Novice: 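This is the structure, below, for whatever I ask next.
Predicted model, so just to flag it, every value in this text is computed and none were measured.
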Amino acid sequence: MGIIDDIKETLSKAVFSPSTLLSGRGGLHMAQILLSLVTFVLAAFRGGSSHTYWNYAMFTWAFCPIMTLIITIIEMFKLDIILNMFCMDWGDFATGMAMSSTLMTVSVAITYGNFYACLKCLYGWIVTIFASLTALLYTLEVLKDKFMDKKKGSYLAALPGFWKVMEAFVSCMIFISLTGYRDKPALIVCVIAYIIPFPLLPLIIATNILKKLKTCLPFNLDRFVFIFLVISVMLYVFTAIMWPIFMFKNNPRPSDCPPSFCIWAIEFMVAFFTYVNLILFTLDLIFTLLGICNFKRT
């Protein structure tokens, strides 16, 4: 009867609360949604592009406000109380999503400005300014959660979970930068090596967020993560060696190679992000082995 009473008491707290929108957090969410949508519309009005960086920017300006809206609706109807009881740490999830949105919007503001803003591109500057303001709002939410409200994450908003988010984010940056590999078998193998760890990252993140699901797994998740990290490090060591050799052999940097539309520079970004992810996966593995910084030792 005690459990049933607890459930009834929890459900009774899940009531519509429009005052959430009038709080500082609610107002910040509304501003984030509005600015993201304005930026999306401005970028779409400018005209489409087949460039993967443009597609990534449009995805970010749609995905982030949608997730913010979902979080706002859940908190407005106090459904986060139910989620806290049955399946997840809601505060950790909300702060973690704000951190992820900050990562995405900041990167988009930089890449969009790099590709579409120039001395004669006034419209590109307008979009870049709105993109930067959007990134600033998401950054303010993270600063508010971490330093003003002193929120401490249990996974996604803590170092172990956000580290996985950064690994997935860098993987995405590699994928949207991939070019010039189709006629080179060694580079195709590198692309396969990039792909192998990527789908497992969101699964690991989701399983750690949904605590009830984690307890139902027929295997030890921490041990699985350790094996995953070992394999990921080996794959990225391979690509860190093979990609530069086979991409840049007999392919020197052109004398005229501006970063905004030089294929060589984009190919170099793949190599750069490869080393970044190799460092992230290696540190993840070391922290896991030593059990430091809240990483679970296996």
Side-chain angles (χ1 to χ4, degrees), residues 18-77 79-80 90-117 121-149 151 153 156-157 161-162 165-166 168-173 175-177 202 205-206 209:
S19 60
T20 303
L21 298 177
L22 303 177
S23 65
R25 178 180 173 82
L28 195 57
H29 282 180
M30 292 300 100
Q32 290 167 349
I33 294 169
L34 180 61
L35 264 180
S36 296
L37 293 179
V38 170
T39 309
F40 180 92
V41 171
L42 287 173
F45 184 74
R46 180 187 180 277
S49 171
S50 59
H51 203 295
T52 51
Y53 286 106
W54 187 84
N55 294 328
Y56 168 66
M58 298 301 286
F59 170 79
T60 297
W61 294 323
F63 173 79
C64 291
I66 288 173
M67 290 305 301
T68 304
L69 180 62
I70 291 173
I71 290 172
T72 302
I73 291 173
I74 289 175
E75 291 180 348
M76 188 167 59
F77 284 91
L79 297 176
D80 54 305
W90 176 257
D92 173 69
F93 174 77
T95 303
M97 282 307 305
M99 294 168 68
S100 302
S101 297
T102 300
L103 197 62
M104 294 175 69
T105 52
V106 168
S107 66
V108 162
I110 295 171
T111 55
Y112 192 93
N114 181 60
F115 281 95
Y116 299 105
C121 311
L122 177 60
Y123 200 88
W125 277 109
I126 293 174
V127 177
T128 302
I129 290 171
F130 274 92
S132 301
L133 291 173
T134 302
L136 177 62
L137 288 178
Y138 278 106
T139 304
L140 288 175
E141 182 180 359
V142 174
L143 294 176
K144 179 179 179 296
D145 285 351
K146 286 293 186 179
F147 298 104
M148 293 179 64
D149 299 339
K151 291 185 178 179
L156 191 59
F162 191 64
V165 172
M166 288 194 294
F169 168 76
V170 174
S171 298
C172 289
M173 297 306 294
F175 291 139
I176 66 175
S177 303
I205 294 170
I209 292 173

Novice: Please state whether the rings of Tyr112 and Tyr116 are parallel, tilted or perpendicular, taking 30° and 60° as the class boundaries.
Specialist: tilted
Novice: Within a strict 4.5 Å, meaning less than it, do heavy atoms of the Leu156 and Thr95 side chains meet?
Specialist: no
Novice: If you round to the nearest 0.5 Å, how far is CD1 of Ile129 from CG of Leu136?
Specialist: 13.0 Å
Novice: Under the criterion side chain to side chain contact (heavy atoms under 4.5 Å, CB included), I'd like the reasoning laid out for Tyr138 against Thr68: C-alpha separation, chi angles, the key distance, then a yes or no.
Specialist: CA-CA 10 Å; Tyr138 278 106; Thr68 304; 2.8 Å; yes
Novice: Once you round to the nearest 0.5 Å, how far does OG1 of Thr128 lie from CD1 of Ile110?
Specialist: 11.0 Å
Novice: With a 4.5 Å limit on heavy-atom distance, are the side chains of Pro65 and Trp61 in contact?
Specialist: no
Novice: Where do Arg25 and Asp145 land on the side chain to side chain contact (heavy atoms under 4.5 Å, CB included) test, with the steps shown first?
Specialist: CA-CA 9 Å; Arg25 178 180 173 82; Asp145 285 351; 3.6 Å; yes
Novice: Would Leu42 and Tyr123 count as a side chain to side chain contact (heavy atoms under 4.5 Å, CB included) here? Give the steps.
Specialist: CA-CA 9 Å; Leu42 287 173; Tyr123 200 88; 3.6 Å; yes
Novice: At what distance, to the nearest 0.5 angstrom, does NE2 of His29 lie from CG of Leu34?
Specialist: 14.0 Å
Novice: Does the side chain of Ile176 reach to within under 4.5 Å of the side chain of Met173, using non-hydrogen atoms?
Specialist: yes
Novice: Just verifying a value: how many Å separate Leu103 CG and Cys64 SG, rounded to the nearest 0.5 Å?
Specialist: 9.5 Å
Novice: Roughly how far apart are Ile73 CD1 and Leu79 CG, rounded to 0.5 Å?
Specialist: 10.0 Å
Novice: Mind listing the closest non-hydrogen atom pair of Ala94 and Glu75 along with its distance?
Specialist: CB-OE2, 4.3 Å
Novice: Work out which heavy atom in Ser100 is nearest to a heavy atom in Val165; give both atom names and the distance.
Specialist: OG-CG1, 3.4 Å
Novice: Mind checking whether Thr102 and Glu141 have side chains closer than 4.5 Å, heavy atoms only?
Specialist: no
Novice: Within the supplied structure, the quantity of interest is the number of heavy atoms (other residues, nucleotides, ligands) at a distance under 6.0 Å from Phe162 CZ; does it exceed 12?
Specialist: yes
Novice: Contact between Trp90 and Ile74 at the side-chain level, heavy atoms closer than 4.5 Å - yes or no?
Specialist: yes
Novice: If I take atom CZ from residue Phe63 and atom CD1 from residue Ile66, how far apart are they, to the nearest 0.5 angstrom?
Specialist: 8.5 Å
Novice: Begin from the C-alpha positions of Gln32 and Thr105 and carry the test side chain to side chain contact (heavy atoms under 4.5 Å, CB included) through to its verdict.
Specialist: CA-CA 11 Å; Gln32 290 167 349; Thr105 52; over 6 Å; no
Novice: What closest approach, in Å, do Ala157 and Asp92 show between heavy atoms, and which atom pair accounts for it?
Specialist: N-OD1, 2.8 Å
Novice: Checking Ser107 side chain against Met104 main chain: does a donor-acceptor pair fall under 3.5 Å?
Specialist: yes
Novice: Do Ile71 and Met97 touch side chain to side chain, with heavy atoms closer than 4.5 Å?
Specialist: yes
